[in-house]
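Single-structure report; data block below.
Side-chain atoms are counted along with the backbone in the values below, which use heavy atoms only and exclude waters and symmetry mates.
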Amino acid sequence: MEQNKQLTLVLGVIGADVHAVGNRILEYALTEAGFKVVNIGVMASQEEFINAAVETNADAILVSSLYGHGEIDCRGLREKAIEAGIGHIKMYVGGNLVVGKQDWQEVEKRFINMGFDRAYPPGTMPQEAIDDIVKDFGITQKC
Amino acid sequence: MELALLIDFGSTYTKVTAVDVAAAELIATARGITTVETNILEGLGQALEQIKPHFGGVLPDFTHRLACSSAAGGLRMVAIGLVKELTVEAARQAALGAGARILGVYAQQLSHSEIEQIDALCPDIILLAGGTDGGNKEVIIHNAKMLAACQRATTFVVAGNKSAADEVRQILVQAGKDVRVTANVLPELNKLNVEPARDTIRQTFLEKIVEAKGLRRAESYLQGILMPTPAAVLQAAKLLAEGNEEEKGWGDLLIVDLGGATTDVHSIAEGYPTKSGVTYKGLPEPYAKRTVEGDLGMRVSSLSLLETVGSRKLAAISGLGEQTIQEYIHTVHDQVETLPQTAEQWQIDTAMAKAATDLAVERHSGILETMWTPMGAIHVQHGKDLTEVPYLIGTGGVIVKHPNPKEILQEALYKPEQPTVLRPQKAKLMLDQEYILAAVGLLAEVRPTAALRLAKKYIRPLD
């Protein structure tokens with residue numbers, strides 16, 4: 001990473017989802033990668049993501065969802081961010097976002113249309129998202 | 001003999017407490033009418049006159065002469081932050097814990113009309129927070145620029161994003177303001193840090209507010225006005241709960257202070273979930289927490305109590321007619337020194353006290369929320385879980401003077417019909433019958449062990 005700028009990421013599991021293990025693993029991986037991680041934990045509401053991002057002046061919001069209700073929980077997040085004055089913040093989402101076996105290309109499109117910059121299917125390794133974030137912000141990693 | 005004179009300059013009465021420090025014994029208590037408009041020493045003199053007989057007609061040379069004050073409006077503050085649920089709430093908690101009366105709370109970027117409002121409120125101190133450390137800087141800087149235009153000569157305590165603190169200080173200093181910068185009340189999103197702001201507020205109170213309230217004159221007789229009265233009560237509560245190296249404390253506790261203008265609730269407890277499978281949500285709560293209900297008071301705020309609770313409920317509690325209740329409440333509002341005389345008046349006062357206690361503790365306590373997920377029901381806790389708190393202490397005029405204080409204090413306990421409100425379930429009910437808590441908080445400044453023994457001796461179980 002660049003010497004002078006450490007990216008701040010707000011991380012959390014959205015909705016009524018209580019999957020805490022993946023959240024911890026992500027926090028660990030992202031911190032190791034040199035980001036400042038603001039982990040708001042499980043069962044986080046859209047407002048909590050937005051408030052955390054406003055107060056910490058975050059660069060990106062990372063949403064995960066594992067219980068299949070991601071689509072309902074994420075809808076309107078971008079609009080709320082715009083309302084809160086952080087409309088341009090980067091947003092990433094990943095996990096078991098929908099119920100049942102659905103075509104991933106379709107699902108991804110839906111989340112991109114919802115205002116996310118990137119969406120990740122089940123089974124994505126943290127490194128993939130880390131590489132994307134580094135690329136999206138045009139920064140060079142420390143090692 | 002080591003003697004201490006402990007004084008509470010209240011808005012109506014000046015209360016004095018004389019204590020034998022070594023024996024941790026109360027020698028005498030008395031009160032005079034507070035005379036802040038003329039000379040604060042007059043009311044004090046009246047009270048001292050009353051305790052003279054206990055010393056053979058001559059006042060002794062007290063080793064410690066300490067005072068707290070809520071006279072002349074107490075410590076009046078405005079709290080400003082960024083996000084309502086985050087830094088605004090943290091700032092509010094810091095101000096309440098410092099013993100302040102909160103006149104207004106503001107979030108986000110201040111507007112010109114809000115600056116006018118703040119000016120009109122005429123606060124003693126403006127607490128300016130916003131942004132976690134390294135987080136948002138723009139809003140607190142914007143707010144500092146706006147506040148620079150404030151007309152009133154107010155002191156600013158800045159407790160926001162440390163990366164913006166220097167700039168904020170500069171903006172306000174250039175505008176000729178008195179500025180104190182302290183640590184952020186919310187350095188990280190899940191880390192509340194209200195102590196440094198509380199200390200700075202208290203220091204400001206000592207240096208400036210005492211002077212502004214005309215209390216400086218009393219200082220020549222005293223060793224100083226140490227703190228606002230609610231801060232003294234919170235200090236006493238903390239000492240009584242924690243103890244010190246020499247003497248053990250009681251452990252977690254809750255205090256209900258039922259007054260004429262407000263009902264204060266203090267809790268000394270971490271308040272973590274006591275049941276398994278409960279997830280904590282939201283901003284962490286301060287271990288020593290104070291809430292103030294400005295709409296629940298027995299005299300000055302009796303009309304708002306009537307409005308909040310409703311005459312129907314008061315009628316149900318007291319068994320009297322709504323008309324009678326309304327008339328009495330209007331009377332005590334207009335003549336705040338009224339004390340109940342008839343059995344009927346006692347019934348109404350009791351009903352008011354019960355309703356105020358009930359609601360104030362409900363607002364102070366945490367709640368459990370059940371959320372339905374694809375995996376079944378999940379319990380989420382907001383605020384403090386006080387169900388296991390072992391002690392509940394009642395204080396304030398109406399509780400202390402009531403023939404059956406237990407009846408009132410019981411209203412603070414867990415209610416089966418409100419299973420989600422995390423009130424104390426099996427707390428031992430205690431009474432501050434000598435009205436000693438503020439004095440204990442003062443004495444704790446110089447003789448903590450004696451103060452603790454005094455509290456343990458005179459706060460007695462209600463059975």
Original post:
What part of L82(B) is in contact with chain A, defined as an atom under 4.5 angstrom from a non-hydrogen atom: side chain, backbone, both or neither?
Top reply: both

Subject >> Which portion of E47(A) sits near chain B, non-hydrogen atoms under 4.5 angstrom >> reply: neither

**OP:** Quick one: list whatever passes ring pair (Phe, Tyr, Trp, His ring centres under 6.0 Å) with Y67(A), sequence neighbours left out.
**Re:** H69(A)

**OP:** Output the residues of residues 182-197 of chain B for which the shortest heavy-atom distance to chain A is under 4.5 Å, in residue-number order; output 'none' if no such residue exists.
**Re:** L189(B), N190(B)

**OP:** Measure distances from K281(B) to the heavy atoms of chain A and classify the residue's part below 4.5 Å as side chain, backbone, both or neither.
**Re:** side chain

**OP:** Decide if atom NZ of K84(B) counts as having more than 12 heavy atoms of other residues, nucleotides or ligands within a radius under 6.0 Å.
**Re:** no

Subject >> Neighbour count above 12 (heavy atom, 6.0 Å) for E108(A) CD >> reply: yes

**OP:** Compare every heavy atom of T279(B) with every heavy atom of M43(A), then report the nearest pair and how far apart it is.
**Re:** SD-OG1, 4.5 Å

Subject >> Members of residues 86-119 of chain B whose heavy atoms come closer than 4.5 Å to chain A >> reply: L86(B), T87(B)

Original post:
Is it the side chain or the backbone of V38(A) that comes within 4.5 Å of chain B heavy atoms, both, or neither?
Top reply: side chain

**OP:** Using heavy atoms and a sub-4.5 Å threshold, report which of residues 130-139 of chain B line up against chain A, by residue number.
**Re:** G130(B), G131(B), T132(B), D133(B), G134(B), G135(B), N136(B)

Subject >> Crowding at NZ, K415(B) (>12 non-hydrogen neighbours, <6.0 Å) >> reply: yes

